[in-house]
Amino acid sequence: MKKVLGVLAGGSTLLAVALILAIIVIIMSSIVSGGIGRLSWNFITTPPTEGLTEGGISTPIYGTVLLVLLMSVVGIPFGTITAVYLSEYTSERSRIARFVRFAVSNLASVPSIVFGLFGLGFFIQFVGVGMDKAFAPEGRVIFGKESLLWAAMTMAVLTLPVVIVSVEEALRNVPREYREASLALGATKWQTVTRVVLPNAVGGILTGTILAVSRGAGEVAPILFTGAAYSAQTESVTSKFMHMGYHLYILMTQSPNVRETLPVQYATTLVLLMLTFALNFTAIFVRYQFRKRLIRA
Amino acid sequence: MAEAIIESMPLSRQVRTNPAAKNADAAARVAITAVAVFALAIIFLILIFIFKEAKDVFFDAKKRDQVLPTLFMMPANENQAVWTPISKNPKYSLMPMLLGTLKTTLVAMFIAIPISVLAAIYTACFAPRWVREIVKPAIELLAGFPSVVLGFFALIAIAGFMQRLTGADYRLNAIVGGIAVSLTAIPIIFTIAEDALSAVPKAMQEASYGLGATEWETAFYIVLPAAYPGIFAGILLGLGRAFGETLIVLLAAGNALIVSWDFLVPTKTLTATIGAEMGEVVYGDTHYNVLFLIGVFLFVFSVIINSIAEFYVKGRLMKKFSGAA
Amino acid sequence: MTELTFGIAHIAAMTAAQLSRSTKYIAFALLLSLAACGGDHNESSGGQPPAASGEPMSIKGSDTMVILGQKWAETYMKKNSGTRIQISGGGSGTGIVALINGTTDICQASRPMKKSEREKVKAKYGHDVLEIPVAKDGIAVYVHADNPIREITMQQLEKIYTGEISNWRDLGGANQRIIVFGRENSSGTYGFFMEHVLRDKDFGAAVQTLPGTAAVVNAVSEETKAIGYGGDAYSTGVRALAIKKDSAAQAIAPGEVSIMTGTYPIARDLYFYIGKEFKGAEKEFVEWVMSEEGQGIVKKVGYYPIPKKKLAPPDSTAADTAKTASK
């Protein structure tokens, strides 16, 4: 009896793992087999034409790249500085640090669609409209509308917890002796942080950046109404933009012929997946490499 | 390394910090603290600015009379739609969507909890090293799937498969949506549960073996209860992810206003309502305000779940450290 | 492009071990990208190549028209490389609000503007909005290709969508539940269907509202018991039913003739609305849209051109028709 129970219990755990792996394999293989036929160099270098049924996805790729770059330019320094504060400037038990940490963990759990609402209510309706009132020539609307800029800001806020957590972990991995040596030599805290701690935490910053970029490339809900467009040429940060994930959503719901665009949907999914996976694996690899280096040092 | 640091520093600073560096240091401290406090402020900014766009529901007399009496209205018969913002006599009841969110989340958790906890037990307690090295990155891979991709997969594969399996009238329903949503919760629950299980001291397991317990008895009766707070936190965070999911349910759950406990009928969730309708709504309209109000609900609910996860786990761990457990 | 270049510089800087230097790069890149975006709007500030100066023409509104607008823009930009057009959907209501707020140059709408909206446009721009019907569209009612039903009356349609009829048996079909698909409630198509088919009654609770006509068509094509509605342009892989005004009337299938002549009961005009003074790039574009070539594209996309006799040059005459239409 006991043996039967043991086999059942142990077997169920193995079954669960097998099930998860099987799901991943099924999803991957169905997407790869559906998309590989449509995938070509041409597909990623030409813009969509004929109401999205022909051509490739170069403009959505371009828009996605612009979005994540702008997002990183804002989010990475901001997240890094917050992580530096948490790891270098406060003790674990300080009240502000605990508040900040709590805020960050909550930020990570807020549904992504709510960030979209925030982007619309804060960045567009408050900051953007406010900027137009202050700077724009009478009657012109430059900032008070959906755009690449505000979508990127929204994404920067969304990915902030990812950056803070990975950078903080990297900072904690820098041995205390390094800091002590630096301080003992008369360096100020700031000098210690910028010349000793941060250079040794580049791995964590890179990991955070890559994970944030991977999230930014795939998340659709926050950009639904902050700047993604069905079709656009993005020339400035105040233009709208196309985005791979949003493009897939559009193909599924608004393309003129869903059946005809099915191969395009598969291929777009495949490119999107390859991109996020490449980024995720790079992040894992970088983290691993830097950990190894620190341990050896 | 320490020598390298010394070499990299100008000679004067090796002896004494100069006043300019001291000023820079003080300035940097202020600036860094300010940035960190701003990070703290963001969470409040989010609440303030979502509420700002929703507040007319409470403070504008005309809108208040329109919205509040219908906000939690139940349909008079099974045919009546109670969320009709674009109607001659608009109704703004959130009941169909509250129920819809509850249904898809329940399905997702019903699938995700056993699968991910069992898989975590296998990975932490039974798996040989090489299996672990396959399973963990594979599940990180699953976490990396953008939700629009899972929605796509749910639409083209899960929906048809489930209809053949259940013979349901409706191809898109709460079960299909819930299954796809469970795929977003599984990596979260698994990762946190696996961490918690692995953190259980080896000595406990060895003591168990020493008393003659088998491998599975140790895993289920010793390790699992010891890791319970961590697993519970993982489940809560998975829950937070599941009910906040937008694209999957928008694409695959069917979006109908049916108020029923039948899981095989199409359901509309709170998130999908925002996702589908916000893009086309007229700014400043009552409809717009109510969509933001839904956002406020989602925000508050996610903060509550997250706080429980944080405090519950921290509280439990504190107790453990102080020797009570 | 500026963001791109400096973004890459920033990533490159990140990999350099000296972080202090890379912070400088980031600040530098930020400043420059902000400067670049400022430069895009202040033509005077220079530094931008002439082709990239000025705002692109923006067209926003109806999701039904987004494909049409995109195709027009695509073809037009190929011919006039100096013009840049950005298209976005969001629905007719959003487009009209964008016009009122001045965030779009041309609003695409699948329904005529309401009087209150026209007044707001007038208050903003100081003159009546310019209304130009640019295409005709029929709302088709789709069923699965295997469905034996060929025609339906407006009354039956109303009852299906309000939930009074829920079985195909009541329409002479098999004893099966009707799976009803529609559009989400802020879309122009939803409003049009509610007004013209449901006669302003509410949709029933079981109507599945999907975020796009393509999603509706796809859902109907996957389910033999399904019914859905949407632009006639989308009906591929499903069957569009012939519609009877009432049980005594002749059933009319959606098609070029029936929609252009108005005998098909659920047809509508698709409009451009312009608030600013009608001149320059917008005027050239709209004139091209109304030309033979532009109207040819309408047909290619699956909508129907505006009948010839109504097709006047869209200047003062169009403004006149707009006024008569607005009363």
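Each chain gets a letter, A, B and so on, in the order its sequence line appears, and its residues count up from 1. All figures in this text were calculated on a predicted structure; none of them were measured in a lab.
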Legend entry - Under 4.5 Å from any heavy atom of chain A - which part of Ile32(B): both

Inset, instruction - Could you look at Ile305(B) and say if it's the side chain, the backbone, both or neither that has a heavy atom under 4.5 Å from chain A? - result: neither

Inset, instruction - Using only heavy-atom distances, determine whether the side chains of Thr214(B) and Trp216(B) contain a donor-acceptor pair under 3.5 Å. - result: yes

Legend entry - Heavy-atom contact with chain A under 4.5 Å, split by part of Ile48(B): neither

Inset, instruction - Select one option (side chain, backbone, both, neither) describing which atoms of Thr268(A) are under 4.5 Å from chain B's heavy atoms. - result: neither

Legend entry - Portion of Phe153(B) that has a non-hydrogen atom of chain A nearer than 4.5 angstrom: side chain

Legend entry - Segment of Ile23(A) engaging chain B (4.5 angstrom heavy-atom cut-off): side chain

Legend entry - Contact origin within Thr276(A) toward chain B - heavy atom pairs under 4.5 Å: side chain

Inset, instruction - Please state whether the side chain, the backbone, both or neither of Glu217(B) comes within less than 4.5 Å of a heavy atom of chain A. - result: side chain

Legend entry - Contacting moiety of Ile294(B), where chain A heavy atoms sit under 4.5 Å: neither

Inset, instruction - Identify which of Ala97(A), Ser112(A), Ala221(A), Ala16(A) forms the greatest number of heavy-atom pairs closer than 4.5 Å to chain B. - result: Ala16(A)

Inset, instruction - Report the option among Phe99(A), Phe78(A), Phe115(A) that has the most heavy-atom pairs separated by less than 4.5 Å from atoms of chain B. - result: Phe78(A)

Legend entry - Part of Leu247(B) within contact of chain A (heavy atom distance under 4.5 Å): side chain

Legend entry - Proximal component of Leu298(B), with respect to chain A [non-hydrogen, under 4.5 Å]: both

Legend entry - Proximal component of Asn106(A), with respect to chain B [non-hydrogen, under 4.5 Å]: both

Inset, instruction - Ignoring hydrogens and angles, state whether a donor on the side chain of Glu194(B) or Thr123(B) is under 3.5 Å from an acceptor on the partner side chain. - result: no

Legend entry - Phe44(B) portion near chain A, given a 4.5 angstrom heavy-atom threshold: neither

Legend entry - Side chain / backbone / both / neither for Tyr288(B) at chain A, heavy atoms under 4.5 Å: side chain

Inset, instruction - Give the member of Leu5(A), Ile31(A), Leu86(A) that has the highest number of heavy-atom pairs under 4.5 Å with chain B. - result: Leu5(A)

Inset, instruction - Could you have a look at Phe281(A), Tyr246(A), Tyr89(A) and say which one has the most heavy-atom pairs with chain B under 4.5 angstrom? - result: Tyr89(A)

Inset, instruction - Could you tell me which portion of Leu160(A) (side chain, backbone, both or neither) has an atom closer than 4.5 angstrom to a non-hydrogen atom of chain B? - result: side chain

Legend entry - Residue Leu45(B) versus chain A: region with a heavy atom under 4.5 Å: both

Inset, instruction - Can you establish whether the number of heavy atoms outside Phe126(A) located under 6.0 Å from its atom CZ is more than 12? - result: no

Inset, instruction - Return yes when atom CD1 of Ile96(A) has more than 12 non-hydrogen atoms of other residues, nucleotides or ligands closer than 6.0 Å, and no otherwise. - result: no

Inset, instruction - With a 4.5 Å cut-off on heavy-atom pairs, point out which of Ile20(A), Leu279(A), Asn280(A) contacts chain B the most. - result: Ile20(A)

Legend entry - Side chain, backbone, both or neither of Thr246(B) within contact of chain A (heavy atoms, under 4.5 Å): side chain

Legend entry - Per-residue contact mode, Glu146(A) against chain B (heavy atom under 4.5 angstrom): side chain

Legend entry - For Phe243(B), the option from Phe299(B), Phe297(B), Phe301(B) that meets ring-ring contact (aromatic ring centres under 6.0 Å, His included): Phe301(B)

Inset, instruction - Give the ring-plane orientation class for Phe311(B) versus Phe102(A), where under 30° counts as parallel, over 60° as perpendicular and anything between as tilted. - result: tilted

Legend entry - Within-4.5 Å side-chain heavy-atom neighbours: Val135(B) and Arg132(B): no

Legend entry - Carboxylate-amine/guanidinium contact Glu245(B) Arg241(B), below 4.0 Å: yes

